[in-house]
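Everything on this sheet refers to the single structure shown next.
Order of the sequence lines fixes the chain letters, A, B, ..., with proteins taken first and strands second; residue numbering starts at 1 for each chain.
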Amino acid sequence: MNHYLDFEKPIAELETKIGELREYSTDSVDFTGDIKKLEKKAQKLKTEIYTKLTRWQRTQLARHANRPHTLDYIEHIFTEFFEVHGDRNYRDDPALICGFAKLDGKPCCVIGHQKGRNTKEKVHRNFGMANPEGYRKALRVMQMADQFGLPIFTFVDTPGAFPGIGAEERGQAEAIARNLREMAMLKVPVIVTVTGEGGSGGALAIAVGNRVMMMQYSVYAVISPEGCAAILWNDGAKGPQAAEALKLTAQDVEKLGTVIDDVIPEPLGGAHQDHKLAAASLKEYLLKHLSELEDLSADELIEQRYQRFRAMAEIEEQQ
Amino acid sequence: MVWFRKKTALTASAETKKVKIPEGVWSKCKNCQEIIYAKEIERNLNVCPKCDYHFRIGARERIELILDAGTFVEMDANMRSVDFLDFKDSKKYKERIKAALKKAGDGDAVICGTGNLEELPVVVAVFDFAFMGGSMGSVVGEKITRAIEKGLESHAPVLIFSSSGGARMQESIHSLMQMAKTSAALAKLKAAGIPFISVLTDPTTGGVTASFAMLGDLNIAEPRALIGFAGPRVIEQTIRQTLPDGFQRSEFLLEHGMVDMIVPRSEMKQRLSQVLRIFTKS
Ligand SMILES: [Zn+2]
């Protein structure tokens, strides 16, 4: 099923028309000329709309129901993927996918939040909001990758860690905190990509990497715009204003200089327009960064990762 | 050290002052509702003498309670927050910083330094909730990281007293990154075998809990402190139920295995000293 955001509708209408014309084309009636014209128009309209998106619209794109999720990227980028389950303590968390695979023939570890597409899947995946056991599973698997000397690729796509009673009882804060500390000590390359929503500590808990990248229409912030609005504006509906204030788009974050290494281009109109093309773009960047990190020693990797985060501060020191 | 004492007086029992009953003389405890002679609460380390409720206290006040008199040497006292995102909600972040400096003093939301705890050299970082709800932005993250690095360099135990609503939203992604930065510094401290004690005081939530505050070799809580990842309001909105009594309080965390012990304010210094002497074999 196709979902359209409000600002996507004019494009969708044009594309429907183009599809209809194609269908009516026969040997005797030729609409090729009209189709070409409309396609040109659609392309122009897309460029126009997508270069002028507000931060809120970009947030909606990052959450788009048709956007590729971790399992989609795995399918298009890796081979021989197998998933592993459970934190060996409480249960398996379907909101976080962990496993091993090959990237261009090289064995590696893959970790990522997973959202669902239909209601049943969404509920099963808890809307991509992991519980403590999800973060503990991720740590278990990352440390296993460390043990076997395998590079780790993580894919961030979550509104945030799940805020529930059970999550608090089982130590949501401790699970996230431990991941932050332990990821800092991993002796293998860690390459992080924010593919959709990078929401708060729940995102960061799998995002302490030697490289951190964002897909062109992804967002990354300390809190969701709605959560921020609820606290600072006392009104959760003020999400659009909060999105502006939080400066959460890939382009905003890139401007800060120290937080991300690359913004990965997406197909015109967003990754959901063409999963394969989006995945190919992402794969190129994963390979590039892996080749840069592959020859570093364990100590060098730990130190590079440390310095990367150590440099993040916007402060003023008076004499 | 006149300025020091003046600040203490200013931050003292901000909560007890809110009460409308005879200015300054009598205070109403927000836990047991008893009307108590304000001086008596103050003399009792800002703990209610009737019900043992621990009022929030300022950073400098806590430093006085924990460190040996006259041994505290502040670090990074001149570090200031910057409004690098031009963040504005109902008020500009720039103005919020200015107002907080005026209200809570010049340390931002955390005050760090070195000192002695029963003659044992330590590094301390103490939150001040009065400064923008103890929120962690770049300054807090940087100060904490430098404090941990100081412990690493001088081989001194590190103590962090948290009291924070979490990450400072006005610094968006940079506040989030402070969680990773401080936790990575703690990884180094741990590898070096230097003790880190996290003391959780009311309230400790959000990004502070989900980073260094939960990473103590020991996590020690003051009685009845609110400690959690998500705030109670957010959880209630998510699950659409009211929360059980005592949820996310120190005693709840102890029961669920998230803190090692609950120590009343009056015994904190002594207990910290005992713990550190065992851990450092001194
Ligand atoms: Zn009382």
Side-chain angles (χ1 to χ4, degrees), chain A residues 160-165 167-185 198 200-201 203-205 207-208 220-223 227-234 236 241-242 245-248 252-253 256 258-259 302 305-306 309-310 312-319, chain B residues 76 78-82 84-85 87-90 137-139 141-142 145 167-181 183-188 190-191 206-207 209-215 227-231 233-235 237-239 241 243-244 247-248 252 256-258:
Chain A
F162 185 61
I165 292 185
E168 294 289 327
E169 287 174 336
R170 297 192 296 280
Q172 187 70 286
E174 194 274 344
I176 293 170
R178 182 182 293 264
N179 279 23
L180 302 183
R181 186 183 68 196
E182 297 306 317
M183 282 189 85
M185 298 306 263
S200 81
L204 188 64
V208 184
Y220 199 8
V222 67
I223 187 169
C228 178
I231 297 170
L232 292 183
W233 279 263
N234 241 318
Q241 279 102 309
L246 285 168
K247 303 214 165 58
L248 74 183
D252 291 325
V253 177
L256 294 173
T258 50
V259 181
I302 290 171
R305 204 181 301 125
Y306 187 79
F309 286 88
R310 185 68 191 83
M312 293 176 196
E314 291 279 351
I315 54 169
E316 208 174 83
E317 288 189 88
Q318 296 162 347
Q319 287 312 304
Chain B
D76 305 310
N78 297 318
M79 206 188 289
R80 298 285 178 275
S81 292
V82 185
F84 57 94
L85 291 179
F87 194 102
K88 185 173 176 253
D89 47 275
S90 59
S138 285
V139 165
E142 183 66 21
T145 305
R168 192 172 293 175
M169 283 171 281
Q170 290 86 350
E171 294 187 22
S172 194
I173 195 71
H174 257 306
S175 320
L176 188 69
M177 294 303 132
Q178 303 312 311
M179 294 167 62
K181 183 166 96 182
S183 302
L186 284 175
K188 286 198 168 186
K190 192 174 181 65
T209 323
S211 57
F212 52 84
M214 269 294 147
L215 292 176
I227 302 164
F229 173 64
R233 214 166 43 131
V234 174
I235 299 174
Q237 280 163 5
T238 308
I239 61 168
Q241 292 171 38
L243 297 169
F247 182 68
Q248 292 184 317
F252 172 94
H256 286 90
M258 296 301 149

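- In this structure, OG in B/Ser183 is found 12.0 Å from CE in A/Met183, a value given to the nearest 0.5 Å.
- Heavy-atom pairs under 4.5 Å with chain A were tallied for B/Ser81, B/Ala185, B/Gly137, B/Ala167; the largest tally goes to B/Ala185.
- Between the side chain of B/Lys181 and the backbone N or O of A/Met312 there is at least one donor-acceptor pair closer than 3.5 Å.
- Looking at B/Ile239, only its side chain comes within 4.5 Å of chain A, counting heavy atoms on both sides.
- Nearest approach of B/Ser211 to A/Leu180, heavy atoms of both residues: CB-CD1, 4.2 Å.
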- Are A/Thr258 and B/His174 close enough, and set up right, to give a side-chain contact (heavy atoms from CB on, under 4.5 Å), and what steps lead you there? CA-CA 9 Å; A/Thr258 50; B/His174 257 306; 3.7 Å; yes

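- In terms of heavy atoms, A/Val222 sits closest to B/Ser175 at CG2-CB, 4.1 Å.
- No other option in B/Ser90, B/Ala180, B/Gly206 has as many heavy-atom pairs under 4.5 Å with chain A as B/Ala180.
- Among the candidates B/Gly207, B/Ala210, B/Ala230, the residue making the largest number of heavy-atom pairs closer than 4.5 Å to chain A is B/Ala210.
- Neither the backbone nor the side chain of A/Arg305 comes within less than 4.5 Å of any heavy atom in chain B.
- At distances below 3.5 Å, not a single donor-acceptor pair connects side-chain atoms of A/Glu168 with backbone N or O atoms of B/Phe247.
- Under a 3.5 Å cut-off, the side chain of B/Ser138 and the backbone N or O of A/Ala313 do not form any donor-acceptor pair.
- Within 6.0 Å of CZ in A/Arg178 there are 12 or fewer heavy atoms belonging to other residues, nucleotides or ligands.
- Heavy atoms closer than 4.5 Å to chain B are found nowhere in A/Gln241, neither backbone nor side chain.
- Residues A/Leu204 and B/Leu176 come closest through the heavy atom pair CD2-O, 3.3 Å.
- Summarising the geometry of B/Met169 relative to A/Leu246, their closest heavy-atom pair is O-CD2, 3.8 Å, with the distance given to 0.1 Å.
- A salt bridge is defined here as a Lys NZ or Arg NE, NH1 or NH2 lying under 4.0 Å from an Asp or Glu carboxylate O, and B/Glu142 with A/Arg310 meets this definition.
- For B/Asp89 against A/Trp233, the heavy-atom pair with the smallest separation is CA-CZ2, 3.5 Å.
- Of the residues considered (A/Pro163, A/Gly201, A/Gly160, A/Ala184), A/Pro163 shows the highest number of contacts with chain B, using heavy-atom pairs under 4.5 Å.
- How far CE of B/Met79 is from CD of A/Gln318: 11.0 Å, rounded to the nearest 0.5 Å.
- For B/Met258, the part lying under 4.5 angstrom from a heavy atom of chain A is the side chain only.
- Contact count versus chain A (heavy atoms, under 4.5 Å) is highest, among B/Leu186, B/Thr238, B/Ile173, for B/Ile173.
- Heavy atoms closer than 4.5 Å to chain B are found in the backbone of A/Ala230, but not in its side chain.
- In terms of heavy-atom proximity, B/Phe87 sits nearest to A/Cys228 at CZ-SG, 4.3 Å.
- Counting heavy-atom pairs closer than 4.5 Å to chain A, the top residue among B/Val82, B/Leu215, B/Val234, B/Thr209 is B/Leu215.
- Annotation: B/Arg80, atom CZ; neighbour count of heavy atoms from other residues, nucleotides and ligands within 6.0 Å is above 12.
- Here the straight-line distance linking atom NZ of B/Lys188 with atom OH of A/Tyr306 works out to 5.0 Å at 0.5 Å rounding.
- Contact annotation for B/Ala213: neither backbone nor side-chain heavy atoms come within less than 4.5 Å of a heavy atom of chain A.
- In terms of non-hydrogen atom pairs under 4.5 Å with chain B, the most contact-rich of A/Ile302, A/Ile231, A/Val208 is A/Ile231.
- Looking at B/Gln237, there are no atoms closer than 4.5 Å to chain A (heavy atoms on both sides), in backbone or side chain.
- Judged by distance alone, the side chain of A/Lys247 and the main-chain N or O of B/Leu85 form a donor-acceptor pair under 3.5 Å.
- The most heavy-atom pairs under 4.5 Å with chain B, out of A/Gln172, A/Glu317, A/Glu314, come from A/Glu314.
- Contacts of A/Leu232 with chain B are made by both backbone and side-chain atoms, with heavy-atom separations under 4.5 Å.
- Residue B/Met179 holds its CE atom at 10.5 Å from CG of A/Asn179, rounded to the nearest 0.5 Å.
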